[in-house]
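Before any comments, here is the structure.
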Amino acid sequence: MADIINLLPDNIANQIAAGEVIQRPASAVKELLENAVDAGATEIQLFIRDAGKELVQVIDNGNGMSETDARMCFERHATSKIQSIDDLFHIRTMGFRGEALASIAAVSKVELKTRMPSSEVGTFIEIDNSVIKHQEPCQAAVGTSIAMKNLFFNVPARRNFLKSNAAEMRHIVDEFIRVALAFPHLQFSLNSNGQQMFHLERGSLKQRIVSILGQHYNAKLVTVKESTDYMNIHGFVGKPETAKKTRGDQFFFVNNRFIKSSYLNHAVMNAFAELIPTDSFPLYVLFIDLDPAHVDINVHPTKQEIKFDDERILYAFVQSAIKHALAQFSVTPALDFELDPGIQQLDALTQPFTEQKKEQSTGTSIYKTFTHANQAHVIDRSSNLPHWKELYGPAPTRQPEPLPSPEAPVAASSVIDERWQEPSTDHKAPVQVHQQYILSQIKSGFILIDQKAAHERILYERYNRALAEKPMATQQSLFPQTLELPPADAIIISEMLPDLQALGYDLEPFGQHTFVVRGTPADIQSGNEQASIEGLLEQFKHFSNELKLSRRERLVRSMARNSAIPAGKALAPREMQNIIDELFACATPNVSPGGRFTFISFKTNDLERMFERGA
């Protein structure tokens with residue numbers, strides 16, 4: 001029998017290995033920025049073209065490389081950081097595997113210029129598909145310039161999997177921000193398609209946070225700083241009023257390396273318990289320093305997932321440090337004393353106080369009781385207060401506000417069973433069960449409707465019609481709001497602006513990462529604009545992992561889920577009937593956009609069989 005196992009050719013092996021490290025342009029950005037930091041640079045410039053698909057270039061003023069090192073650095077597992085196996089357990093540099101440049105060279109065209117301070121001339125190297133095409137001495141500034149061009153030009157299938165420019169640029173900005181936050185004493189800049197997105201001068205960590213996330217955080221950061229023999233923690237958390245409906249302003253660094261840890265994030269959320277709503281996320285930029293021997297960072301090619309020898313200690317330490325910081329600075333939920341714009345629309349403020357109204361108000365016995373001398377103790381038993389004893393009875397149950405009047409529903413689909421369209425003979429009003437379900441009687445029995453899933457289906461089809469046919473109505477804000485977003489979120493909103501306008505949002509860019517909200521869909525409560533957009537963003541990120549969904553589909557689903565009435569909301573009979581009518585006017589009334597059942601039917605003969613009525 002012939003042998004069937006062969007060694008892969010180097011170019012194929014390199015491309016397979018590159019797939020673990022370089023998954024998209026942002027992966028190359030991360031590796032090149034970290035290399036510049038390790039090289040001792042104090043100024044690092046990042047240049048992007050076509051969201052990194054055409055160019056990713058990093059220029060630094062670090063130590064540079066010799067001619068031999070410049071050639072060697074593109075070999076697999078060539079590194080200056082590891083000499084022995086023991087070094088793996090004491091790593092403090094950002095890179096150490098020697099895979100980054102080899103991986104980049106395997107899937108792109110690379111140009112390198114580098115010069116050491118002790119050299120008069122530098123070295124230029126051109127690499128194409130891991131093969132060195134050209135090498136010569138050149139004039140170069142001290143440091144290194146490395147340009148990655150035409151990513152995945154030799155792996156077209158991989159290039160086809162890249163997302164839109166806005167999506168890829170969002171990932172690039174995320175990686176840039178993470179490195180820039182980790183090293184506030186270094187200068188960073190980011191230029192995209194010839195326009196400068198960031199220019200970050202050297203400064204303190206707080207200055208770096210404010211310059212990246214926005215000036216409005218300047219007075220809203222709480223210092224966290226605790227030290228023990230085992231570990232130290234320092235950084236900042238946002239005051240409770242800065243918590244948002246969206247994730248994105250959460251950063252954990254271990255020994256200056258950005259990490260993702262749902263476990264440690266849970267510790268932060270616990271520390272903020274009862275200070276912020278359960279569906280909100282606090283801002284934090286926290287640095288944990290501990291002996292590298294207690295950390296294993298070599299568990300994932302991106303090095304963003306690491307293991308600790310005792311996570312429980314870290315959890316307790318993080319939670320305690322944040323609670324102590326919040327208590328030390330007397331942080332409690334802030335009261336907003338700004339005047340609600342809705343108050344200014346009340347008749348008491350907008351309508352003139354006529355003589356007739358004055359006579360009506362001053363002629364009442366209550367007014368006289370509190371304005372005439374020695375009358376405060378008198379109880380007027382006249383007909384003006386015939387039912388005064390009712391004041392001491394139980395308060396009447398307050399009926400919820402009705403839902404906004406819906407658009408005219410489309411004709412019911414012919415595939416819908418006719419019994420759903422026919423009312424019950426005795427016209428029983430629907431009943432709400434546990435403020436989550438709607439029970440409605442029909443001729444053949446009854447149906448039980450999930451109010452949130454049903455409303456999601458209604459809104460989903462309404463929003464799809466708005467995008468395909470007629471844009472939704474916009475209610476203009478009397479006082480337009482300025483919305484400052486994290487850079488990555490601002491890119492998402494910019495990409496979706498045309499569709500958001502069709503769905504009733506009136507948004508206008510207003511400087512870097514900032515938008516003016518001039519109007520919102522008519523069914524969104526006035527004054528809730530920012531929370532609405534933040535909730536929409538959070539849902540959109542949730543759906544971003546669904547590769548089979550288009551951007552527009554993700555947006556419509558996000559809008560529907562974010563705007564749907566939640567479980568636990570009390571509904572009036574009229575509101576429940578509106579939901580029932582609109583649900584069965586939908587083209588697909590039986591499932592939510594996410595595939596959950598919107599209702600379950602119970603037939604009378606099934607009930608009789610369950611209760612053994614035929615026996």
Measure the shortest side-chain to side-chain distance between [X] and [Y] over non-hydrogen atoms and say whether it is less than 4.5 angstrom.
X      : Y      : answer
Pro486 : Val173 : no
Val56  : Ile104 : no
Thr514 : Leu485 : no
Arg557 : Arg554 : no
Asn165 : Lys53  : yes
Phe153 : Asp128 : yes
Ile259 : Leu264 : yes
Leu112 : Leu101 : no

For a quick test of reading the model, state the closest non-hydrogen atom pair linking [X] to [Y] and the distance between them.
X      : Y      : value
Phe515 : Ser494 : CZ-OG, 3.5 Å
Pro25  : Ile172 : CB-CD1, 4.1 Å
Glu484 : Gly214 : OE2-CA, 3.0 Å
Pro487 : Phe198 : CG-CZ, 3.4 Å
Ser227 : Phe317 : N-CZ, 4.5 Å
Ser189 : Asn191 : OG-ND2, 4.1 Å

Working note: Leu507 + Val516, criterion side chain to side chain contact (heavy atoms under 4.5 Å, CB included); need CA distance, chi angles, decisive distance, verdict. CA-CA 6 Å; Leu507 294 175; Val516 175; over 6 Å; no

Looking at [Y], is its backbone amide N or carbonyl O close enough to the side chain of [X] to form a donor-acceptor pair, meaning the two atoms are under 3.5 Å apart?
X      : Y      : answer
Asp60  : Val37  : no
Asn562 : Ser532 : yes
Ser211 : Arg208 : yes
Lys206 : Asn218 : yes
Asp50  : Leu55  : no
Arg170 : Ile491 : no
Asn232 : Phe287 : no
Asp506 : Arg518 : no
Glu168 : Ala26  : no
Thr228 : Met231 : yes

Look up atom [atom1] in [X] and atom [atom2] in [Y], then write down how far apart they are to the nearest 0.5 Å.
X      : Y      : atom1 : atom2 : value
Ile48  : Met169 : CD1   : CE    : 5.5 Å
Ser261 : Tyr315 : OG    : OH    : 10.5 Å
Leu205 : His185 : CG    : NE2   : 11.5 Å
Met269 : Ile276 : CE    : CD1   : 4.5 Å
Arg159 : Phe152 : CZ    : CZ    : 9.0 Å
His134 : Phe124 : NE2   : CZ    : 6.0 Å

Return yes when atom NE2 of His266 has more than 12 non-hydrogen atoms of other residues, nucleotides or ligands closer than 6.0 Å, and no otherwise.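 Result for NE2/His266: open.
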
Decide salt bridge (Lys or Arg N to Asp or Glu O under 4.0 Å) for Glu241 and Lys220; before the verdict, give the C-alpha distance in whole Å, the side-chain angles of both, and the deciding distance to 0.1 Å. CA-CA 8 Å; Glu241 62 263 33; Lys220 298 182 179 180; 5.5 Å; no

Angle class for the Phe251/Phe253 ring planes (parallel below 30°, perpendicular above 60°, tilted otherwise)?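 Parallel, since the angle between the ring planes stays under 30°.
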
Result block: side-chain N/O donor-acceptor pairs under 3.5 angstrom for residues 495-503, not counting sequence neighbours:
from: Glu495; atom 1: OE2; to: Ser164; atom 2: OG; distance (Å): 2.8
from: Asp499; atom 1: OD1; to: Arg552; atom 2: NE; distance (Å): 3.4
from: Asp499; atom 1: OD1; to: Arg552; atom 2: NH2; distance (Å): 2.7
from: Asp499; atom 1: OD2; to: Arg551; atom 2: NH1; distance (Å): 3.4

Test side chain to side chain contact (heavy atoms under 4.5 Å, CB included) on His171 and Val29 and set out the steps. CA-CA 10 Å; His171 288 289; Val29 167; over 6 Å; no

Would you call Lys109-Glu126 a salt bridge at under 4.0 Å N-O?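 No, no charged N to carboxylate O under 4.0 Å.
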
Could you tell me whether Glu54 and Arg49 make a salt bridge, using a distance below 4.0 angstrom between a side-chain N and a carboxylate O?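 Between Arg49 and Glu54 there is a salt bridge, with a charged N closer than 4.0 Å to a carboxylate O.
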
Residues Arg71, Glu67; criterion salt bridge (Lys or Arg N to Asp or Glu O under 4.0 Å); working and verdict: CA-CA 7 Å; Arg71 192 177 183 111; Glu67 182 180 355; over 6 Å; no

Phe252 pairs by ring pair (Phe, Tyr, Trp, His ring centres under 6.0 Å) with which of Phe258, Tyr284, Tyr263?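 Of the listed options, the one satisfying the test is Tyr284.
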
Going through the distances and angles, do Thr123 and Gln135 end up as a side-chain hydrogen bond (donor to acceptor under 3.5 Å, both in side chains)? CA-CA 7 Å; Thr123 302; Gln135 178 175 344; 5.6 Å; no

Residues two or more places apart in sequence or in another chain: which of them pass side chain to side chain contact (heavy atoms under 4.5 Å, CB included) with Thr68?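 For Thr68, the residues satisfying side chain to side chain contact (heavy atoms under 4.5 Å, CB included) (neighbours in sequence not counted) are Ser66, Met72.
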
